[in-house]
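Notes follow once the structure below has been shown.
Not measured: the values here are computed from a predicted model.
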Amino acid sequence: MEPLLLSEEALKCPLCCEVFRYPVTLQCGHSACKACLQRFWDRKGALECPICRRLEVTTRPPINLTLKIAADRFQQQQQQSGTASEEVGELCSTHNEKLKLFCQRDELPICLICHVSKEHKSHECCSITDAVKDRKAGISPRYTSLSNHLRMLESVRDNWREIEEYIKTQADETETLIRDEFQKLHDFLWEEEASRLSALRQEEELRGKRVRSKLEDISTQVEALSAIIRDAETAMNGSDIQFLKDYKKTISRLRYTKQEPEVLTEALIDTSQFLGSLKYSVWKKMADIVYHCPLYFDPNTAQANLILSDELTTVHYGKKRPVPSNHERCSSRMAVLAVAGFTSGKHSWDVDVGDGNDWYIGVARESVDRKHAVFLHPSEGFWVIGLCNSDNYWAQTSPRTRLVIRSKPRRITVELDYEKGKVTFLNAAEGSVMYTFKEKFAERIFPFFSPGIHDNGQCNPSPLKICHLKSSILFY
């Protein structure tokens, strides 16, 4: 089949403006390079035509074979034309002889006739090969430097593209977690509403039952008294003889002992009990389930295998996630930093280490190397203690110091005094000091956490948790 003859413009991709490479055709009839189209879709976040904006239904549009053959043929013709031009360019334009020498003064390739001519006779010349060799050697360092710089820029560009793509994923995941947390609050409010409505209905039933009981008593008295009055009226309206005959009976019934009706107090529902300061009382009750932490983990610093949960206060080892290698992220060690950093003052936080077999906690300088393997030593910017092999506690000094622990701690308090340059670790249950580092701090210090992994790469039995604090809101 003869290839389709098209103009150069018709063979150019509308995105890169170069001759097509693997052209694909969309349902709307427009074509683009497969790689260019995919980058366009990734950037736009939608499968739409870059020309008419019509939405595409498939992520894999077919390759236009006819257009590819025509583009390949055009490129072959361009290459052949370029080769011919290059051969013509190797001849001297003045003498139509091959260019075999290079004039050092004029920095031009010349032929042998040019060399003996008046124009170049006194000039120093060398062979084309030597000239090329010398000049390639001259530009090689700069070329190598620029090539390395280009590779670095391409790597940075790819990293920024990765970050751009991850931002959407990060936003979606965060949105899901926000909705989950608000759902918990919604559930609490729905349950509280249902509980209060149920209490209201119970109060309604109780009050109504009491009123119905009193109403029945009054109704009985009304019926009895009404009957006595009717009988008395009948006797008095009858004949005199009959009245006299029934007089004793009538007067006996009219001796009815009157009972004063009971004054029913607090019969109505106490509405204020249910509506008075309603939002305040619910808020107060909500304080029993609301907590806050002195600090929480920064997910942008977490190594790719670390899973954060419980409002960013719990961390454990898990399946590796596709996260970008941004500047802040710890890549060389299974670690994560807290969001808050300190440049002054006294700070403390409790860490629940549970039954973990392998962990490190403490503080680290902001400038620590997060991309390459380093020792957890003060000289590298780390002031931490840890547990190794389930029963060996160490302070990561240089060389490290073994800690003598009377009872295995499940909760450890970390105290930082920035001005005094002290980092103290205490067994929270006993209040006993496990170890104290002394250092002069000169930059921002961040809480450091490393949950580690168990044998054979399995998850640590217990995650590391930043302990919650009860709400300090005062209610009056």
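Panel note: side chain K371, backbone R329; a donor-acceptor pair is recorded below 3.5 Å. In terms of modelled atom types and a separation under 3.5 Å, the side chain of R21 and the main chain of A71 share no donor-acceptor contact. Judged by distance alone, the side chain of D106 and the main-chain N or O of L108 form no donor-acceptor pair under 3.5 Å. Side-chain atoms of T144 come within 3.5 Å of backbone atoms of S140 as a donor-acceptor pair (strictly under, hydrogens ignored). At distances below 3.5 Å, at least one donor-acceptor pair connects side-chain atoms of W41 with backbone N or O atoms of E48. Formation of a donor-acceptor pair under 3.5 Å by the R370 side chain with backbone atoms of E328 is found in this model. Side-chain atoms of S348 do not come within 3.5 Å of backbone N or O of E415 as any donor-acceptor pair. R54 places no side-chain N or O within 3.5 Å of a backbone atom of P50 that could act as its donor or acceptor partner.
Looking at every heavy atom in both residues, E311 comes nearest to Y296 through O-CB, 4.3 Å. Shortest non-hydrogen contact noted between L306 and V315 is CB-CG2, 3.9 Å.
When the options F375, F448, F446, Y360 are evaluated for a ring-ring contact (aromatic ring centres under 6.0 Å, His included) with F382, the one that passes is F448.
Between K184 and E181, at least one side-chain nitrogen of the basic residue sits less than 4.0 Å from a carboxylate oxygen of the acidic one, meeting the salt-bridge criterion. Between R411 and D352, none of the side-chain N atoms (NZ, or NE/NH1/NH2) sits under 4.0 Å from a carboxylate O, so this pair counts as no salt bridge. Salt bridge R365/E380: absent, no basic N to carboxylate O contact under 4.0 Å. Classification of K168 and D172 as a salt-bridged pair holds, one side-chain N sitting under 4.0 Å from a carboxylate O. A salt bridge is defined here as a Lys NZ or Arg NE, NH1 or NH2 lying under 4.0 Å from an Asp or Glu carboxylate O, and K408 with D355 fails to meet this definition.
In this model, a donor atom of one side chain and an acceptor atom of the other lie less than 3.5 Å apart for Q170 and N300. Checked by atom type, the side-chain pair R196/S281 shows a donor-acceptor distance below 3.5 Å. With no hydrogens or angles considered, no side-chain donor-acceptor pair links Q76 and D72 at under 3.5 Å. Side-chain atoms of T401 and T397 include a donor-acceptor pair closer than 3.5 Å.
Ring pair F425/F437 is perpendicular by interplanar angle, where above 60° counts as perpendicular and below 30° as parallel.
Seen from the ring of F20, K12 does not count as a face-on cation partner, given the 6.0 Å and 45° thresholds.
Enclosure of atom CZ in R53 by more than 12 non-hydrogen atoms of other residues, nucleotides or ligands within 6.0 angstrom is indicated. When the shell of 6.0 Å around CD of E154 is examined, it contains more than 12 heavy atoms from other residues, nucleotides or ligands.
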